[in-house]
Amino acid sequence: MMNKKQPIGIFDSGFGGLTVFKAVRKLMPGENIIYFGDTARVPYGTKSADSVIGFSKQISEYLMSKKIKMLVVACNTSSALALDKLRRSVKAPVIGVIHPSVNAVCADEKNKKILILATSSTVKSRAYSKQLNKKNKNLLVYEKACPLFVPIIEEGCSGKNFAKQIVKEYLLPLKKKKFDAMILGCTHYPILKKVIKEVMGKRVTVINSSAQAALKVYEKLFDLNLLNKSKRGKDSFIVSDDPKKFTALAGQLLDIEIKKLEIKRF
Ligand code: DGL
């Protein structure tokens, strides 16, 4: 039996999943949260399915050993490639980041032409197209891999001029296709949201997979009567390498203050 005080475990390949952490923390201030960033092996988005599945299983087992009451896969690449497998092996509810955004898109009938921005591995899996078209076969879905976004963000360069140049390189050719909605299908991408919006224009609704995932976490915990209503929950951060960079980026880009950080090497 799970209890309300047990922590929620959240993981990503690195720093991007902190966008999910931040959204969960804002919505559920009383929750105890353990965040794991696999900074030794980031990026996942250019790796094979077998590698991503292996890393995701290892991290999930580690987080389960910390007695989590829910696992949040705060990585679209892991959600695309490993979610089904994790659901079979993890003995706790598992929330991914793809389903919640798919539901958000389908909830608005005006959305007919959808653009997905994601890592190469997520795009290759076609997880978004499959799930969107399963819900509504008339949706036109176009998936675009943006492999340079994660390194730009992980190197702390999202505010530099060349970052905007790269965003333009990927997205300007797509602007004329007149999409109704766009999913930021990588938890790192909300860091570039402002620039992405500037390039794509106001017409496109931007759906942020991190914010949608946080709503799903809330709903699921509520349904299971596992919401922790304490005043202020505890944050724990664990990375597999380079704690200094992780702490600096969390502060600089997301205004998350990390006082204590553990290292877990696999
Ligand atoms: N943040 C991850 C995602 O949502 C992975 C980025 C990466 O490691 O390539 O896909």
Side-chain angles (χ1 to χ4, degrees), residues 9-24 35-60 71-83 86 94-102 104 115-131 143-158 163 166-167 170 182-193 196 206-214 216-217 237 239-242 245-246 249-250 253-254 256 266:
I10 302 181
F11 83 89
D12 178 42
S13 58
F15 153 87
L18 284 177
T19 57
V20 178
F21 165 86
K22 199 171 171 176
V24 171
Y35 181 90
F36 185 92
D38 196 4
T39 47
R41 300 185 286 205
V42 67
Y44 281 8
T46 49
K47 307 246 163 41
S48 68
D50 282 349
S51 296
V52 174
I53 291 167
F55 302 158
S56 306
K57 278 190 165 169
Q58 220 173 26
I59 296 165
S60 308
L71 177 71
V72 182
V73 182
C75 172
N76 284 266
T77 311
S78 293
S79 297
L81 303 174
L83 198 73
L86 295 179
V94 180
I95 304 286
V97 278
I98 295 182
H99 241 107
S101 306
V102 164
L115 172 63
I116 313 296
L117 304 182
T119 66
S120 304
S121 304
T122 301
V123 168
K124 203 167 143 211
S125 76
R126 305 201 27 90
Y128 272 101
S129 300
K130 284 182 201 157
Q131 292 191 32
E143 299 197 45
K144 174 75 182 162
C146 307
L148 286 174
F149 286 6
V150 170
I152 290 174
I153 294 163
E154 289 277 337
E155 290 308 318
C157 297
S158 53
I166 289 168
V167 172
Y170 284 130
M182 166 167 74
I183 298 181
L184 302 183
C186 171
T187 52
H188 281 68
Y189 295 1
I191 311 276
L192 284 171
K193 188 173 164 185
I196 292 172
V206 181
I207 292 166
N208 170 346
S209 64
S210 307
Q212 295 302 323
K216 183 73 202 170
V217 171
F237 298 96
V239 290
S240 48
D241 205 357
D242 210 346
K245 188 170 158 194
F246 184 85
L249 284 178
L253 299 177
L254 287 167
I256 296 174
F266 288 105

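What you see is a predicted model; the values in this text were computed from it and never measured. Each ligand, and each atom within it, is numbered from 1 in the order the structure gives. Side chains included, hydrogens not; waters and symmetry mates left out as well; all remaining heavy atoms used.
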Considering all heavy atoms, the nearest Ser209-Leu184 contact: OG-O, 3.0 Å
Strictly under 4.0 angstrom, heavy-atom based: which residues surround ligand 1? Asp12, Ser13, Val42, Pro43, Tyr44, Gly45, Cys75, Asn76, Thr77, Thr119, Val150, Cys186, Thr187, His188
So, do Tyr44 and Asp12 sit near enough that their side-chain heavy atoms are less than 4.5 Å apart? no
Mind checking what makes salt bridge (Lys or Arg N to Asp or Glu O under 4.0 Å) contact with Lys216, not counting sequence neighbours? Glu219
Only one of Val20, Thr187, Leu86 forms a side-chain contact (heavy atoms from CB on, under 4.5 Å) with Val73, so which one is it? Leu86
Output every pair passing salt bridge (charged side-chain N to carboxylate O under 4.0 Å, His left out) with a member in residues 145-158, not counting sequence neighbours, ordered by first then second residue. Glu155-Lys245
Scan for salt bridge (charged side-chain N to carboxylate O under 4.0 Å, His left out) pairs involving residues 36-59, sequence neighbours excluded, and state none if there are none. Asp38-Arg41
